[in-house]
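Since the structure comes first, as structure tokens, the remarks are kept for the end.
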Amino acid sequence: MDRFAAHDADRSPPPEPGLPHEELNEPQARAASHAAGPLLIFAGAGSGKTRVIVYRIANLIVTHRVPPYRILAVTFTNKAATEMKRRLEGLIGADIVKDLWVGTFHAVCARLLRRHHEAAGLDKNFIIYDDDDQRAVMNRVLKELNLDDRRYPPRQVLSRIHAEKQEGRGPAEFERKGYFDDAIARCFEAYERHLKAASAVDFDDLLLSVLRIAEDPTSFAGEDLRGRFRHVLVDEFQDVNQVQYRLVRAFCKSHDNLCVVGDDDQSIYRWRGADVRIVRGFRRDFPHATVVKLEQNYRSIGHVVRGALGVIRHASDREPKELWTANQDGTPIDVVAADSEHDEAAWVVEGVRELIAQGVSPNEIAVFYRIHAQSRVLEEVLREARIPYQIIGGTRFFERAEVKNLLSYLRVIANPKSDVDLNRIINVPARKIGQSTVDKLIQAADLLGVSLFEAIDPILEGRVPPSAMPGGQLPPLAPAAKRSLLGFRDLILGLMTEAKSASPSALAEEVLARSGYAKALEQEDSVESEARLQNLRELVQSLVDYEQEAIAAGDEATLAGYLERVSLVSDVDALADVPKVAMMTIHAAKGLEFHAVFLTGMEEDLFPFRSQDPNRKGDIEEERRLAYVAITRARERLWITHAARRAIFGQTRYGLPSRFLADLPPASVRPIATPASMMAQRRVEGGFGGGGGYAASGLRFGGQERSWEGRERRPGAQAQGEERFAGARFSREGEPARGAMGRSMDVPDRAPGERYVEREAVDPGAEGGEGLALRRGMRVYHERFGPGVVESVDPGADPIATVKFSGWGKKRIKVAFLRAGP
DNA sequence: CCTAGCCATGCTGAT
DNA sequence: CATGGCTAGG
């Protein structure tokens, strides 16, 4: 029995007779046994969709006798693919599973493209260019076209091209909208030309090339692609883009055995071309589709499920569905007010330490953040506390310079046309081939219309036609430069010969030895160079691992195969099954689950994220879905933290608690303030002229239990800690019941930081002051609008403050209605 | 030709 | 804050 099932044994769905090994509930079983035709599965978070897909595939093979190599299952990450295969092996055996097509769109397309490389005009050993490589190509393109890279920043040009390709358009279909686009169009054309010349593809091409073949009605390759699969399953369907959808439809051309599984509430990749309309329009495209909804959550405790629902309920335009759970309520969600990001990190570490002390395995604990930049502080504190952790993403192993260098050597050996790679290593280690020499080489290559590598011989022999040079001869190379270039050429040629017989790992060793790279690093003898050597050894080891895996799977271990794999690894793929706390962005957390989750940085402008660049408009709806994804990762415990101030991007920001916090049902939340946060609060309080400010503000100690509408009624089983704060509730005299005011009914009844208020400030009998001494920047709290920051104050007998509220914007409020906020 | 150090500039999310 | 591009000096 697998880990998932073992862990959740106490809350597994009821057994279904006739379905061995796995137990499925009614809708799950319906989806799993659906034999043919289109099938749309709306799978809520934690509703056991992986289980359904796995069982469905097993069913197709065992019951319906579909040959495994006729089944394609597309997953979102390689890790998910591996996990799926692992679970299938338990059901139908490894022998059958190895013939299945299971993988990400990119991995599947890379494999198909290897087979049909000719139809795409590529060498068999084509190379996949990553972002860095793409930028290098674009830099060269801009230079070639004499375009100012300040006016046309490579990244922006690329992102424009990327957007086009994601919609399935090439340079020919590019629509010019103004004169700026003229240049973009030329860049697009030149960029494509360079990639093709290098026999390289970018991530978009991987899909696009296969799509073009698959949609070509005339070619043999296209026929093969359209007839290859009899059943296609796509997981995380809410995050597919147009190209991927067209691809899937092409694969299903001769039948419509298409099973898609998704949850529009978890669509978080719109920014990279994912189109929720595809999942929402599926029934229009396939009117006879069977639709199954999985709405029972088996993963999380009741408080977590209700917290997630509170957030997603306010999403506009979602497929009607109601997630529910039979699980126990468990512990409420802790919403923690911290003073700073350091304070926040300290709280997280303390919580992690406690969990581990209680016997929770570190790999069942995760720390989430909105952006990678938040990880550093958390990492430092964890390291200090000697808690083992692993960071997913950020600066990755394969992005380190020395690793990329060795990979570039290997890529040049596999595909000498790859100019980006050649350029990268031509002077690594330093071998006296400087920029001027490389520039001449590039010129020669451009003139001859060949790759950099192919231009070496002509330039050494002076065979570059002078007539082609505008304004004279190509400046001659210095003898020293010639010698160096010759040495480099021979090095590569020698390694190419070696590659014919040696294994990939042996070849890598050979590269390190013959190039002198290892020696150069050894001689440097610094802490950094030692670390680099270590990384290179690790890379060689990963080649060895690859070879062993290939042998075990009965495949041939090829250099191209390895290079393809490293190009397509995703961040989460690196998530190892080791006892370490996992740290990652919420995007990376999609599809994962943990016993305990710390969701950090829950502040306005950070989450929901808002770019400082006013041209880039954020998408609040997507941020909301992201929050939903984050919350639903937790099985038993969830802490959500926010900090009053945070140093990020080189400056200190004073943030408001995220608007999403206000959407958590109060009954499922336990507000907590860190000691440092309470201290800071005390300082703010001082500015209010003492504890009497509350009485003066018209707020009254309420102590009265407020009621909620519908399902959100306070559960009978109160969690401990709830009592501690039970008396600390405020209500303003004469204020209408909040339940009548739409979303404000879910505003937490206690603002973060209120614990201090309870202990120190609430004294109904205290004398009133002369109103609040508000200053700009001060944090206040309003009964209806929640926490806010004072922008300005109009003094007078009845002073009015302009206050910015998270989620509400600026409001002019009588000071009398404000009190000290979080 | 190489290297160190300076300045500037961007800075979400990722296969 | 971190990376990268550029300049000046070796």
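Only this structure's heavy atoms are used, side chains among them; waters, hydrogens and symmetry mates stay out. From a predicted model like this one, the values you see are computed outputs, not experimental measurements. Convention: sequence-line order gives letters A, B, ...; per-chain numbering from 1.
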Point to revise | Spacing between A/R400 atom CZ and C/dT3 atom C1', to the nearest angstrom | key: 15 Å

Point to revise | Inter-nucleotide C1' distance (B/dG13, C/dG4), Å rounded | key: 22 Å

Point to revise | Nearest-angstrom distance from the residue atom CD of A/Q651 to C1' of C/dA2 | key: 15 Å

Review point. Centre of A/Y269's six-membered ring, under 6.0 Å away, within 45 degrees of the axis: is that where NZ or CZ of A/R272 sits?
Key: yes

Practice item. Tell me what A/T437 touches on the nucleic acid: a base, only sugar-phosphate, or nothing, going by heavy atoms under 4.0 Å. Key: sugar-phosphate

Check your understanding: How is A/Y269 classified with respect to the nucleic acid when contacts are heavy atoms under 4.0 Å: base, sugar-phosphate, or nothing?
Key -> sugar-phosphate

Exercise for review: Quick one: label A/I268 by what it contacts on the DNA or RNA (base, sugar-phosphate, nothing), any heavy atom closer than 4.0 Å.
Suggested key: nothing

Check your understanding: Hey, is A/E215 close enough to A/R246 for a salt bridge, meaning N to O under 4.0 Å?
Key -> yes

Review point. Do NZ/NE/NH1/NH2 and the carboxylate oxygens of A/E192 and A/K196 come within less than 4.0 Å?
Key: no

Review point. Want to settle it: does A/V569 or A/A481 sit nearer the 5' end of DNA chain B, counting the closest nucleotide to each?
Key: A/A481

Practice item. Could you state the atom-to-atom distance from CG of A/L142 to C1' of C/dG5 in whole Å? Key: 15 Å

Revision key, fill the gap. Assert: residue with more 5' nearest nucleotide on DNA chain B, out of A/L568 and A/G434, is A/G434

**Study point:** Non-neighbouring partners of A/D573 that pass salt bridge (Lys or Arg N to Asp or Glu O under 4.0 Å), sequence neighbours left out
**Key:** none

Study note, to complete from the structure: Output for pair (A/C187 SG, A/Q156 CD), nearest 0.5 Å, gives 12.0 Å

Practice item. Indicate, with a heavy-atom threshold strictly under 4.0 Å, whether A/N427 touches base, sugar-phosphate, or nothing. Key: sugar-phosphate

Review point. Where does the chain A footprint on DNA chain B start and end, counting 5' to 3' with a 4.0 Å heavy-atom cut-off?
Key: B/dC1 to B/dT15

Review point. How far, in whole Å, is C/dC6 from B/dC11 if one measures between their P atoms?
Key: 16 Å

Check your understanding: By side chain to side chain donor-acceptor pair (under 3.5 Å), which residues pair with A/Y369, not counting sequence neighbours?
Key -> none

